[in-house]
Peer 1: 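After the structure tokens below, expect a handful of questions from me.
Heads up: numbering here begins at 1 and tracks the sequence. None of the values given here were measured: they were computed from a predicted structure.
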Amino acid sequence: MFADVPDLRPPQQSLAAGAVLLHGFARGFETDLIAALRDIVTQAPFRHMMTPGGHQMSVAMTNCGSKGWVTDRRGYRYDGADPETGKPWPAMPPPFRDLAERAAAQAGFDGFAPEACLVNRYVPGAKMSLHQDKDELDLTAPIVSVSLGLPATFLFGGLLRKETPRRYRLEHGDIAVWGGASRLMFHGVAPLADGEHPLLGRQRINLTFRKVM
């Protein structure tokens with residue numbers, strides 16, 4: 001789906017207490033989002049980070065905002081500077097911040113003020129294993145996750161890794177928001193199927209907004 005194709009799905013879908021899927025919510029922002037994304041990647045290119053266990057992630061990443069999420073042999077953490085250049089991460093573009101705040105409010109989380117946006121680039125075959133977002137000091141704020149490009153299968157589980165996750169199809173422009181009782185739910189992305197998106201080609205871009213401090 002893209003800007004001039006009608007989205008016939010219901011506008012909002014409940015995933016769990018405090019977790020919702022906003023179908024097509026970002027589609028009206030896509031032109032500004034993609035332009036801003038290109039500027040970010042020019043300043044801080046995508047890279048495949050290493051996990052503390054020494055495994056290279058299949059998803060390529062970069063960041064924008066006052067903090068950026070990084071991983072290497074020393075562990076998972078937030079840093080105000082890009083470790084590859086030593087320079088601050090690119091500032092969060094106004095269209096990014098505006099969309100994140102609007103989506104959070106639509107999901108029932110007024111006053112969301114994201115400090116970090118982790119930008120993930122999936123190509124066919126790339127995936128994200130089940131994990132919790134727990135490196136933030138402020139766990140009262142929600143996670144806002146924007147999908148652009150190829151469709152993906154979002155895995156949304158429970159508070160224990162062993163709980164079988166439910167599977168949801170994410171289309172271009174969909175936004176998942178989870179907080180409150182669902183803030184520490186395990187989640188991930190199944191291996192991306194091949195395809196061609198009319199705006200972004202053979203890739204999926206995920207913008208994950210977080211309040212860190």
Side-chain angles (χ1 to χ4, degrees), residues 1-5 7 9 13 15 19-49 51 55-65 68-71 89-90 92-93 95-96 99-100 103 107 114 116-131 133 142-157 165-178 185-210:
M1 295 181 181
F2 51 105
D4 55 357
V5 176
D7 191 340
R9 300 170 299 167
Q13 178 181 1
L15 307 184
V20 298
L21 179 56
L22 306 176
H23 291 135
F25 195 89
R27 290 173 62 196
F29 295 74
E30 62 189 5
T31 299
D32 290 341
L33 294 177
I34 292 171
L37 172 65
R38 288 172 177 153
D39 186 52
I40 290 167
V41 173
T42 297
Q43 300 176 62
F46 285 114
R47 75 290 305 267
H48 291 275
M49 296 184 186
T51 69
H55 300 288
Q56 187 181 69
M57 300 184 71
S58 64
V59 175
M61 299 181 176
T62 189
N63 292 276
C64 68
W69 186 88
V70 297
T71 174
W89 294 104
M92 190 180 299
F96 276 35
L99 175 61
C117 177
L118 175 57
V119 184
N120 296 330
R121 178 178 182 265
Y122 293 76
V123 297
K127 65 180 182 179
M128 185 70 69
S129 299
L130 286 175
H131 65 283
D133 290 338
I143 301 294
V144 176
S145 179
V146 181
S147 291
L148 300 171
L150 288 177
T153 299
F154 181 51
L155 309 175
F156 196 72
R166 289 154 292 163
R167 301 166 69 92
Y168 299 94
R169 180 179 173 87
L170 297 179
E171 299 278 0
H172 173 75
D174 288 350
I175 303 182
V177 182
W178 62 97
M185 294 292 202
F186 278 88
H187 58 282
V189 177
L192 190 72
D194 203 355
E196 184 78 21
H197 188 270
L199 296 178
L200 290 170
R202 295 179 65 240
Q203 63 178 338
R204 171 183 183 254
I205 300 295
N206 176 231
L207 311 175
T208 303
F209 296 91
R210 303 169 182 178

Peer 1: Output, in order, the C-alpha distance, side-chain angles, deciding distance and verdict of side-chain contact (heavy atoms from CB on, under 4.5 Å) for Val119 and Met61.
Peer 2: CA-CA 6 Å; Val119 184; Met61 299 181 176; over 6 Å; no
Peer 1: Give me the atom names and distance for the closest heavy-atom approach of Val20 to Ala107.
Peer 2: CG2-CB, 3.4 Å
Peer 1: Looking at side-chain heavy atoms only, is the closest gap between Asp174 and Leu22 below 4.5 Å?
Peer 2: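 No, their side chains stay 4.5 Å or more apart.
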Peer 1: Taking distance alone, no hydrogens or angles, what donor-acceptor pairs closer than 3.5 Å link side-chain atoms of residues 145-156 to residues at least two apart or in another chain?
Peer 2:
unit_1	atom_1	unit_2	atom_2	d
Ser145	OG	Asn206	ND2	2.8
Ser147	OG	Arg204	NH2	2.7

Peer 1: A side-chain contact here means heavy atoms from C-beta on lying under 4.5 Å apart; do Thr71 and Met57 qualify?
Peer 2: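 Side-chain contact under 4.5 Å: yes.
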Peer 1: Can you name the residues that form a ring-ring contact (aromatic ring centres under 6.0 Å, His included) with Tyr122, not counting sequence neighbours?
Peer 2: none
Peer 1: Hey, mind stepping through Val59 and Val189 against side-chain contact (heavy atoms from CB on, under 4.5 Å) and telling me if it holds?
Peer 2: CA-CA 10 Å; Val59 175; Val189 177; over 6 Å; no
Peer 1: Which atom names give the shortest non-hydrogen contact between Trp178 and Asp133, and what distance separates them?
Peer 2: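 Minimum heavy-atom separation between Trp178 and Asp133: CZ2-OD2, 3.9 Å.
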Peer 1: Can you name the ring-ring contact (aromatic ring centres under 6.0 Å, His included) partners of His131, sequence neighbours left out?
Peer 2: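 With neighbours one apart ignored, the set is His187.
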Peer 1: Identify, with sequence neighbours excluded, every residue that meets salt bridge (Lys or Arg N to Asp or Glu O under 4.0 Å) alongside Arg169.
Peer 2: Glu171
Peer 1: Listed by chain and number, what are the side chain to side chain donor-acceptor pair (under 3.5 Å) partners of Trp69, not counting sequence neighbours?
Peer 2: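 By the side chain to side chain donor-acceptor pair (under 3.5 Å) rule, Trp69 matches Asp135.
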Peer 1: I want to check something: taking the side chain as every heavy atom from C-beta on, are Thr208 and Arg210 in contact at a cut-off of under 4.5 Å?
Peer 2: yes
Peer 1: Report the C-alpha separation of Ile143 and Val177 in whole Å, then their side-chain angles, then the decisive distance to 0.1 Å, and conclude whether the side-chain contact (heavy atoms from CB on, under 4.5 Å) test is met.
Peer 2: CA-CA 6 Å; Ile143 301 294; Val177 182; over 6 Å; no
Peer 1: Using side chain to side chain contact (heavy atoms under 4.5 Å, CB included) as the criterion, list what pairs up with Ser58, not counting sequence neighbours.
Peer 2: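 Partners of Ser58 by the side chain to side chain contact (heavy atoms under 4.5 Å, CB included) criterion, ordered by chain and then number, come out as Ala126, Lys127.
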Peer 1: Would you check if Cys64 and Phe96 make a side-chain contact, meaning some heavy-atom pair closer than 4.5 Å?
Peer 2: yes
Peer 1: Find out whether Asp7 and His23 are in side-chain contact, i.e. whether some heavy atom of one side chain is under 4.5 Å from a heavy atom of the other.
Peer 2: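 In short, these two side chains touch, coming nearer than 4.5 Å.
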Peer 1: Hey, does Phe46 have a side-chain heavy atom less than 4.5 Å from the side chain of Ile205?
Peer 2: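 Side chain of Ile205 against side chain of Phe46, heavy atoms only: contact under 4.5 Å found.
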Peer 1: Could you tell me which residues satisfy side chain to side chain contact (heavy atoms under 4.5 Å, CB included) with Ala44, sequence neighbours excluded, listed by chain and number?
Peer 2: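 Only Arg47, Thr62, Asp82, Trp89, Pro90 meet the side chain to side chain contact (heavy atoms under 4.5 Å, CB included) criterion with Ala44.
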Peer 1: In Å and rounded to the nearest 0.5 Å, what is the CG to CE distance from Asn63 to Met92?
Peer 2: 9.5 Å
Peer 1: Could I get the full list of side chain to side chain donor-acceptor pair (under 3.5 Å) partners for Asp32, not counting sequence neighbours?
Peer 2: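 Residues passing side chain to side chain donor-acceptor pair (under 3.5 Å) with Asp32: none at all.
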Peer 1: Just wondering, do Leu99 and Leu207 contact through their side chains at under 4.5 Å, heavy atoms?
Peer 2: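 Result no, sub-4.5 Å side-chain heavy-atom pair not found.
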Peer 1: Return the set of residues passing side chain to side chain contact (heavy atoms under 4.5 Å, CB included) with Gln56 (not counting sequence neighbours), or none when no residue passes.
Peer 2: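 Testing Gln56 for side chain to side chain contact (heavy atoms under 4.5 Å, CB included), a comparison that skips the adjacent residues, returns His48, Met50.
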